[in-house]
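Written out below as structure tokens is the structure these notes cover.
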Amino acid sequence: MFRKVLIANRGEIAVRVIRALREMKIASVAIFSEVDRRSLHVQMADEAICVGPAPSAESYLVKEKILAAAKQVGAEAIHPGYGFLSENAAFAKACSEAKIKFIGPDWHAIEQMGSKTAARRVAIAAGAPVVPGTEQGVSDFRAARKIAAELGYPVLLKAAAGGGGKGMRRVDKETDLASAMSSASSEAERAFGSGEVYLEKLIERPRHIEVQVLGDEHGNIIHLGERECSIQRRHQKVVEESPSPLMLAKPELRQQIGEAALRIARAVKYSNAGTMEFLADQKGNFYFLEMNTRLQVEHPVTEWVTGIDLVRWQIRIAAGEKLTIKQDDVRWSGSAIECRVYAEDPENNFFPSPGRLTQYEEPSGPGVRVDGGVYPGWTVPLDYDPLLAKLTVWSDTRSSAIERMRRAVAEYRVLGIKTNLSLFAQLMSDAGWVAGDLDTGFLDRFMQKFEQGKPSAESTLASVLAAAQIATQKPAATHSIESASLWRAAGRRDLQR
Amino acid sequence: MKLRVEVDGKSHVLELRGSEYNFDDSSGTASIEQIKPGVFSVLLGKQSFRVNVAEQGDKFEVVNTDGVSRLLSIADTRDRIGPADASASKGPAVIRAQMPGKIIKLLVEVGTAVEAGQGLIVVEAMKMQNEVKAPKGGVVTKILTTADATVVAGETLIVVE
């Protein structure tokens with residue numbers, strides 16, 4: 001086993017890895033940028049090395065600096081966390097050349113699964129389902145009509161040369177195909193200089209479901225079931241859970257999607273922890289999208305329901321140990337939900353809300369886990385992802401897990417900056433969410449009707465009386481605005497000019 | 001002491017005399033103790049509320065037992081307070097960068113007529129893109145930045161008149 005491991009990351013995931021290392025009696029080394037000097041992961045690690053200024057391109061993303069730090073302290077392995085260099089094949093290769101173990105898959109697998117189109121080809125060759133469609137442009141109407149009939153309506157026309165919705169058309173029936181093709185093609189021509197369009201089967205109200213895989217370096221690989229990640233905003237996951245409510249209705253689906261994930265993983269001789277992302281339709285048909293060749297942000301929900309510590313296993317596997325868990329040993333118990341607590345304002349279009357945490361109190365009690373990277377008095381820097389902490393709960397059923405999450409959110413106190421906690425408070429009471437009737441458009445629709453919960457008259461009065469204690473102790477003066485919605489505050493100041 | 005309180009867009013009057021209060025039409029006695037800095041125990045009759053309070057600019061951020069965070073403003077009734085009204089604002093609105101960030105896209109040009117709330121520029125800060133909206137209606141008279149520019153706090157970006 002390793003004696004010392006460097007964590008090439010920051011924030012909550014660095015803290016998570018340090019905790020696993022400490023449990024395994026392995027010394028931990030943090031790296032940090034100048035602005036992160038006071039951050040929690042630096043305080044918790046056994047050693048910490050500064051790797052440069054705040055911009056990640058000059059610190060957390062500089063391979064040479066990180067490898068030099070690892071050599072300086074004598075670290076035998078590097079855990080990359082998620083984000084930053086975690087899916088950078090060149091970094092994994094450089095680690096291997098420097099005789100420092102990269103805690104993750106072999107760099108060949110990272111490279112192979114790094115491109116969506118290459119990963120799609122691997123999946124097709126491995127016999128896993130992908131979203132049906134043509135990969136090349138179709139210019140001839142008769143060919144398009146034939147393909148569309150094979151795919152089955154509705155189909156989606158997409159510009160071959162670009163994305164962003166330009167040149168995209170939904171076609172529900174054959175009689176609409178000709179006009180949709182010509183308008184999509186001319187729009188694509190104007191936007192990208194190429195009128196080429198291709199066809200894809202349209203997955204209506206898709207759910208985002210992913211499968212956790214875990215393999216060792218001796219050819220053993222298992223799946224640990226699925227996570228449902230349909231609660232997203234701008235393709236950013238916000239709430240994740242395991243099991244997926246879809247599996248509660250169709251238990252046989254877990255084995256099918258798990259086996260599909262394993263076929264793909266075996267095709268690239270995958271080792272360590274990885275995740276296959278799928279789109280699923282409401283009937284339970286699923287299609288491979290892409291692979292994340294690293295630990296996922298939302299790994300705690302899988303840890304809760306399987307009882308398997310993914311980070312510990314990542315380290316053991318990297319150290320050459322054999323996976324002692326067989327597929328048949330994996331049991332799923334109860335229901336786990338994770339909410340990502342971000343420094344952002346749900347009432348102001350989720351604008352980032354950096355600043356100082358004037359007060360910070362985490363929930364605790366039965367079935368509650370907080371993977372945090374912050375503490376009271378910490379100033380959230382502007383330079384990185386605004387994730388403060390992941391709040392995860394477990395209970396024996398999905399409905400009691402939802403009740404537990406509602407309770408835990410109410411215990412959570414963050415003052416000084418805006419967070420999306422109020423969104424979770426409302427979401428946990430939403431009938432659609434409680435019913436598990438999810439798709440990737442759920443959160444956008446939910447936000448249309450989102451409003452802060454209204455407190456009782458007594459509660460409002462108590463709040464006012466408490467605030468008056470502070471207000472009446474101070475002389476009337478204009479206070480400087482330190483944080484919160486700086487952009488909005490700027491707008492307000494300008495109005496008052 | 002007579003205070004004007006604004007919470008959730010509504011105005012209230014709070015009068016305090018020792019432990020007695022008048023809040024709009026209701027009155028009674030309350031016992032308030034500080035648990036630790038910024039955290040208060042408020043007893044209304046026999047019911048206890050635990051309230052976190054933090055100053056937030058010229059307002060107060062409170063989180064009560066229900067866990068919901070809200071902003072309220074408190075002023076002595078002798079001071080004139082009132083929310084800024086966008087339609088009543090005069091003169092040019094200067095949109096400045098209040099955080100370091102990167103300009104992703106300009107959505108308007110000099111001469112573009114904009115309405116209040118219309119998107120002007122897309123800025124990326126903390127890895128997230130957001131639209132900066134016009135605080136008032138008018139015409140874009142100056143654009144002092146370009147797409148892809150990195151801006152520092154305080155830099156003037158756009159002027160709407």
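All values below were derived from every heavy atom in this structure, side-chain atoms included, with hydrogens, water molecules and symmetry-related copies excluded.
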Which atoms of [X] are under 4.5 Å from chain B, going by heavy atoms: the side chain, the backbone, both sets, or neither?
X        : value
A:Ala467 : both
A:Leu415 : both
A:Glu458 : both

Quiz item: Any side-chain heavy atom of A:Glu411 sitting closer than 4.5 Å to one from B:Thr65?
Solution: no
Quiz item: Heavy-atom distance under 4.5 Å between the side chains of B:Glu55 and A:Ile470, does that happen here?
Solution: yes
Name the region of [X], side chain, backbone, both or neither, that has any atom closer than 4.5 Å to a heavy atom of chain A.
X       : value
B:Asp24 : neither
B:Ala54 : both
B:Arg70 : side chain

Quiz item: Distance-only, no hydrogens or angles: does the A:Gln359 side chain make a donor-acceptor pair with backbone N or O of B:Val53 under 3.5 Å?
Solution: yes
Quiz item: Between A:Arg413 and B:Glu61, is there a side-chain N and carboxylate O pair less than 4.0 Å apart?
Solution: no
Practice problem: Give a yes or no on whether a salt bridge exists between B:Lys36 and A:Glu361, defined as a side-chain N under 4.0 angstrom from a carboxylate O. | Solution: yes
Quiz item: What option among B:Val62, B:Ile32, B:Asn64 has the most heavy-atom pairs under 4.5 Å with chain A?
Solution: B:Asn64
Practice problem: Sort out for me which of B:Val63, B:Leu14, B:Leu3 touches chain A most, counting heavy-atom pairs under 4.5 Å. | Solution: B:Val63
Quiz item: Taking all atoms of both residues into account, what is the closest heavy-atom pair of A:Ser459 and B:Phe49, and its distance?
Solution: CA-CE2, 3.7 Å
Quiz prompt | Separation between CG of B:Asn52 and OG of A:Ser463, rounded to the nearest 0.5 Å | solution = 9.5 Å
Quiz item: Rounded to the nearest 0.5 Å, how far does CG of B:Asp76 lie from OG1 of A:Thr472?
Solution: 10.0 Å
Exercise. Tell me, out of A:Pro381, A:Ala425, A:Pro455, who's got the most heavy-atom pairs with chain B below 4.5 Å.
Key: A:Pro455
Practice problem: Identify which one of B:Val51, B:Leu16, B:Leu43 satisfies the side-chain contact (heavy atoms from CB on, under 4.5 Å) criterion when paired with A:Leu465. | Solution: B:Leu16
